Amino acid sequence: MLDRRQLLLAGASGATGLLAGCAQTERLLSAALGPLPTPVPEDGVELPRLVAEIQQRTFRYFWETTDPKTGLAPDRWPTPSFASIAAVGFALTAYPIGVVHGWVTRAAARTRTLATLEFFANAPQGPGETGFSGYKGFFYHFLGVTRGHRFARAELSTVDTALLLGGILFAQSWFDGDHPDEVRIRALADQIYAAVEWNWITPRAPFLSMGWHPESGFIRHDWEIYNEGMLLYVLALGSPTHALPAETWDAWSQQFEPSWTGRFGGDPYLHFAPMFGHQYSHVWIDFRGIRDTYMTGKDLDYFENSRRATYAQRAYAADNPAGWTGYSADVWGLTACDGPGDFKVRLGGREREFFSYSARGPGDRDDGTLAPTAALGSIAFAPEIVVPAVEAMHARYGAAIYGKYGFLDAFNPTMTAPEVGLKHGKVVPGVGWVDVDYLGIDQGPIVCMIENWRSGLIWKTMQKNPHIRRGLERAGFTGGWLAAAGNAGA
């Protein structure tokens, strides 16, 4: 399987069409987007001005870089890139956020959403190595931006398909009007979701494989530990056509115990090093107050678990055991993100090892690279520590790490050596290494989790989705809004 960096290099020469007319589009759409601050919902949170600005800028990433004819969202920008199906899922989720805050009209968001769902509903599916967008209802991790077919040797990805479906099912529940296009959106969402053959991609049942290649078959790794796979299994259990057995969730969660730890001086929690594992599923599912068998035994829920993980990241940065430059209780955040490159260099009297795109976490491939999405994507869990972190990063590094679409993907204050060996980004004097790109899968948790903290829009909408509810109930979740919704429907 090619990694993200290899695919980026392979596609740089063929994706320039995605950026055609970008400057003109920026001028037109910037004029159409409303001023800050936007109205606060009656039951919502009044955002700090910087956070409100970041949310709008991050929304614009999806609105302005996505192809309106196909709905394909780029993996990154401005470096020419292939499309990411996970980024499409975040884009679909972002559009209604833009509507409720007056940044785009409902009609514009509806048109964009319908075009996206039409594309995926009609995208060619088959077992061949080329000429297809997916197989058995799943889609390839990366698609070419011209025809939307498999890019290079990308894998048929189970989790990225799940992130795409998160956006599709959110659109299904949010576009609930009688307009013919909204009726069509709901029907297409059912069609796309029902086509996914979850019970096919379980070569080592009951667990889902991480993916499949037409050249070599199933990937030899499964979703079998605590990670971002909660949404994946909820969707697989909730399928009306190809559902996994109900006992799958308990079999999976029985694997969690080795990850239960009290690391970094805080309360015990299910540990997963990079922060995205504690964020992605929570974009679409409100885990507050609902519990499965495993969490019932721990007397907490997965939302509280992610809150503890957020505090653990902050505690790790404050302790800063490896002595990285810039880490503190106010500047923190490790997750999967871009990095300077794969090399070693001597800095400050000691040899330092750096990585390019990689999953990073406390004590796990930590090379001093900080990603603002690690903090901002956790704002709904712990705003009291995330907002100060956001403001501190912005105040300390300013325009070097912040621009058109909010924070650039990552930066590394330790990496100040000359740009020898850099695979991406640049060294900024007085700041350190700074990325030049925004990544769709890192922008997504920012705009979406700010909204979940701000108004609960995504959570409230998804509580109405019958597929999500069915999946949670088959997984054994009870209590909280599930119980309230059940009583209301009785």
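This one's a predicted model, so the numbers in the text were calculated from it and none came from an experiment.
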(request) Determine, step by step, whether Phe142 and Phe151 satisfy the ring-ring contact (aromatic ring centres under 6.0 Å, His included) criterion, reporting the C-alpha distance in whole Å, the side-chain angles of both residues, the deciding distance to 0.1 Å, and the verdict. (result) CA-CA 6 Å; Phe142 300 122; Phe151 184 85; 7.5 Å; no
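Between His213 and Tyr135, a ring centre-to-centre spacing not shorter than 6.0 Å is recorded. Ring-centre distance between Trp223 and Tyr233: not below the 6.0 Å cut-off. Aromatic pair Trp249/Phe477: centroids less than 6.0 angstrom apart. Checked against the 6.0 Å centroid threshold, Phe256 and Trp252 count as a close aromatic pair.
In this structure, Arg112 is positioned above the aromatic face of Trp63, its NZ or CZ under 6.0 Å from the six-membered ring centre and within 45° of the axis. Figure legend: Arg186 and Trp174 shown without cation-pi pairing, the cationic atom not lying both under 6.0 angstrom from the six-membered ring centre and within 45 degrees of its axis.
In summary, Lys460 and Glu451 do not engage in a salt bridge, as defined by a charged side-chain N under 4.0 Å from a carboxylate O. Arg76 has a carboxylate O that lies under 4.0 Å from a charged side-chain N of Asp338, or vice versa, which qualifies the two as a salt bridge.
Taking the six-membered ring for Trp and thresholds of 30 and 60 degrees, Phe90 and Phe62 have ring planes inclined between 30 and 60 degrees apart. A tilted orientation is assigned to the rings of Tyr438 and Tyr61, their planes being inclined by 30° to 60°.
Listed by chain and number, the residues in a side chain to side chain donor-acceptor pair (under 3.5 Å) with Ser157 are Asp160 (sequence neighbours excluded).
Thr369 has its side chain within reach of Pro340: a pair of non-hydrogen atoms, C-beta onward, lies under 4.5 Å apart. Proximity of Leu72 to Phe120: side-chain heavy atoms (C-beta onward) are separated by under 4.5 Å at one or more points.
Between His278 and the options Tyr226, Phe381, Phe287, a ring-ring contact (aromatic ring centres under 6.0 Å, His included) holds for only Tyr226.
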